[in-house]
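Step one of this worksheet: look at the structure below.
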Amino acid sequence: MPVSVHMFPGQGDFPVQVLHRAAARDAALRRALRAVYEEIDATADTGPLPPLAGLLLGEHPPGGRELAQGPVGLPQLAHHGAAVAWQRVLAERHGPPDALLAVSFGELAALTAAGAWTVGAGASAAYGLARVLAGAPGALALIGCGEERAGRLAARAGGGRVVVGCVNGPRECVLGGPPEQLAAVERLAAEQGLTTVRLHLPFGSHHPELGPQRQQFETLLRNGPPIGPPAVPVYSAVAGRRYAPAEDLAARAADCLVRPAHLPRILALLAAHGHTDYHEAGPGGALGRNAADCLRGTGARVSGVIADDASTPMRGRGTTVDKRPSEAPGEPGRTLEELLHGRHHPGYLPRLHRALARHPYRVAEAPAEREPYLYRRLRALLRALPAAAELHADADALAAALAWAAVADPRLGMAVVTQGVLGQGSLLRLAGDPEGVRPELDAVDAGALRIGYLVTETGRASSHLGAGTVAEFRPEGREFVLRTPEEADAKFGGVPQHPGPRGAVVIARAVDAAGREGGVFAFLVELADHDGPRPGVTLSPPVPVGALPLSYHRVRFDGVRVPEAHWLRDDADLDEHGRLHDPRTPADRLRRTLAVGQDLWGVLPTALAALARQSAVLAVRHSRHRETRAALAPGTPLLAHRSQQRALLGALADAFALSCAAARARELLAAARESDTAGAESGFAPWAAVSRPLSAYKAHCADEAERIVADCQRRCGHAGLADDNRLAGYHGFARSFDPAGGDSRLIRYDLGRALLDEPAPGGPPPLPTDLADPGWWPAVLARHQHTLTSWLRRATTEPPGGATPFETWNPLLDRAAELGATYAARLAAEDLPRALATLPPDEATTALAHLAALRAADRLAGPLLRHRTLTPGELAGLENALERGYDRLLPHLDRVERAFAFPDGIV
């Protein structure tokens, strides 16, 4: 018989939009939320806060940013009430819990659910804690490593004031301390390849220096309503045990301010006491994911996150999904399919399959034929996808939608990039008032509005750094007027030709009513309706692009009016006189405006890896059935030739390596969305400042995918060039992302420059001697990066006297690009053993990873020898190791082909 636990999360995971969507779908949850919030409004001591029921369940509920910017205590009360209501629905649907698990702030909701407080008394305590926390100094950061390593990093760089505040799992902790010391630990972690995410909580917690705040909160609890004995056992992650019947609960709840929370330890205790079923009480999924990680191998069932339908507010997806930064875990945690496609609700990928199979692939080169066909395919796909806000909140789902669309038709994939990832992503990220663009978001979701993304200007390179397009504010109409002063300022990009409403997110310089230039912002602009281009919009004739045939145009603006609500202002504002007030510097404003790029960089590698895998599968199938007529062995299948085996087995291995990098990019995107890198400095371009690792993954994966697809094309002869077989389209898609989505060469330049800003390491890392060691290739690239960094640092710190920055860097840009490429390759190399550690032991995936590493070393052998990273003797066994690698993979060819292939219905 199941023995259930209801888990109450801390403050770090309260996605308000997910709560709103769940309440809209689930009548029982909506009733429970209303009952709890109305009881809080009627009985709790919450000072001047507005009534929660009307605010959070009204027609226009606040988003997460609005809630965070509200009065002190509002986010905490919203979170607290949601947890109490959610737990009621869990009890109604799954039966009363046998125990409650409290984590940090969740202690207050757990005690309320256990009957120790009334709803009003628990909410009063939550409000009191919020007021205490408002004066608590410090900051918190999530780090992707275990407790021991996190403690070593804190001790080494934290000046004795950074501590491990929470242990969330075997591969995730929260550090706390003063912001300056915490930043030093974050820098050290980055040097060691660990991901850190600064939490959006404007206070410290779980820190021994918060003794005065702890005493203040304990006094507040003792002066408030008495805390009765819990009617249900409560296990505390801070106390590390079950609370006793006569426990001093005021003191224990106050301990959360100064003592660490240790989730693995308390879960181990619950499992030892025979608890088997775990449900998260709240709209987030982090606690459920961490619990699943901690309980793996115990037979426990962990459910969490949000439902896809109205039947239940919870779904079992939380048992396996891990969206947090992590090291390689010590035991299997996902299947090969999950590595390749992401983790999803069981019905998600079949929905994508059905939607994409509804309209068979057509070459359709002529715009009059192509545009209606693509429009029908896009509408079918949109019907299968969740709403934009929900889709963008799930990196795996967004990546899978793009990947499956690109494999089905690369032109459709590009439409998803411009409309779904960049266009809708900008609206979701940057709209100051989400209600101002909600009709447009809904129209795009319904297929009634097509939008694009216009950043590039035809007359200059790197136009994002100096946009010529201008948006001038007119206070009398509270609107902007958009214009392109010169022909060189015309935008270039995809604009659908299919009749109907069409728009674009346009990147332009803002000028306020006083004539003062602001930074570079995004604007939602209506380009055309059923009657054609809107007044002031000029579209050039279609610009042919053979590599990826779509409707590309040059777009000019002459007095196009844009309402203030369609200015994607982020946290900037205009006063009643039309004066612009921006809390960010121009460089940081540009970085924020272009931060939607990290959404693209996080999901694009999944699409590129999918194209590489499908290309290799197509080439293998072609080679199986293509007979050779050469005198050497007439009638022999092409795949029997060793040269063809090397190429195609190698393509499969390289595509697997690309898939491992793509999986890591999705993890980093999920973490990056919770961070704000404001203050990061731009160099040659803003990309590394937006996200250094994600920009590196974009450049590396685009280059690798283009190479893999091109090699598969060549190995298919004439068939590889035929448009019907899609390899030419796959190659065009991958190739287009060399300049698109942030120019890859600029990214490499800037990565190389940015790496020089890091503290110089003491020496090159040690190198395993065995080429079969999974750590050999990552260690080689780490040493190579060290070698290149040392050389470039000397060259830039010892320039000729009086040299300008341009004179210093101009002869060194190619060396900077080489360093940037090596950094990106190192990240991808580290992803191979990391991914293998999460998969069940399997000879096929081990052979793929080993062969991919050896092939990468073979391609880079020249630079490794030239820069003396390796000696000829250290590479002497590489050729024989490669041959053994091909032999090792060959017996698994059929199984790998089946695992990599997309369904016949879409390809």
Side-chain angles (χ1 to χ4, degrees), residues 8-11 13-92 105-113 115-135 200-203 217 220-221 223-225 227 253 281-284 306 313 389 431-436 438:
F8 293 80
Q11 291 191 67
D13 188 31
F14 181 51
V16 182
Q17 295 296 343
V18 176
L19 177 69
H20 296 334
R21 289 194 298 272
R25 286 195 301 263
D26 191 313
L29 177 60
R30 191 163 57 251
R31 288 193 298 270
L33 286 166
R34 185 167 296 281
V36 169
Y37 284 141
E38 286 180 349
E39 188 171 352
I40 290 174
D41 292 338
T43 63
D45 178 14
T46 58
L49 294 186
L52 294 175
L55 178 69
L56 295 166
L57 302 175
E59 190 172 336
H60 300 297
R65 178 183 297 171
E66 296 169 89
L67 204 64
Q69 293 174 347
V72 170
L74 184 59
Q76 287 84 357
L77 273 184
H79 183 177
H80 175 85
V84 172
W86 204 283
Q87 191 274 334
R88 288 184 179 181
V89 178
L90 285 174
E92 179 182 315
F105 180 72
E107 296 254 351
L108 307 183
L111 290 172
T112 303
W117 268 318
T118 65
V119 169
S124 298
Y127 179 62
L129 177 58
R131 287 185 296 155
V132 171
L133 287 173
H200 281 305
L201 295 175
F203 47 74
F217 183 50
L220 184 150
L221 292 179
N223 291 337
I227 310 175
I306 268 294
D433 178 9
E435 293 305 312
R438 191 181 298 276

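- Residue S124 comes nearest to D45 through the heavy atom pair OG-N, 2.8 Å, listed as atom of the first residue, atom of the second, then distance.
- Of all non-hydrogen atoms in A126 and L108, the two that sit nearest each other are CA-CD1, 3.6 Å.
- Checking side-chain atoms of Y127 against main-chain N and O of Q76 turns up no donor-acceptor pair under 3.5 Å.
- A pairwise comparison of heavy atoms in L77 and Y37 identifies O-CE2, 4.1 Å as the closest pair.
- Applying the ring pair (Phe, Tyr, Trp, His ring centres under 6.0 Å) rule to F217 yields no partners; only residues at least two apart in sequence or on another chain are considered.
- With a 4.5 Å cut-off on side-chain heavy atoms, L56 and L33 do not count as touching.
- L129 contributes atom CG, which lies 11.0 Å from atom NE2 of H80 (distance to the nearest 0.5 angstrom).
- To the nearest 0.5 angstrom, Q87 atom CD is 10.0 Å from T112 atom OG1.
- Between F8 and L111, every side-chain heavy-atom pair lies at or beyond the 4.5 Å cut-off.
- A tilted orientation is assigned to the rings of F105 and H79, their planes being inclined by 30° to 60°.
- Here the closest heavy-atom approach between residue L49 and residue V72 is recorded as CD2-O, 3.5 Å.
- In this structure, G81 and V36 approach most closely via the heavy-atom pair O-CG1, 3.6 Å.
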**OP:** May I have the step-by-step check of side-chain contact (heavy atoms from CB on, under 4.5 Å) for V132 and F203, ending in yes or no?
**Re:** CA-CA 10 Å; V132 171; F203 47 74; over 6 Å; no
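- Nearest heavy-atom pair across E38 and A53 is CG-CB, 3.6 Å.
- With H20 contributing its side chain and P62 its backbone, the two residues share a donor-acceptor pair below 3.5 Å.
- Inter-residue side-chain proximity for L74 and L52 is flagged as met; some heavy-atom pair is nearer than 4.5 Å.
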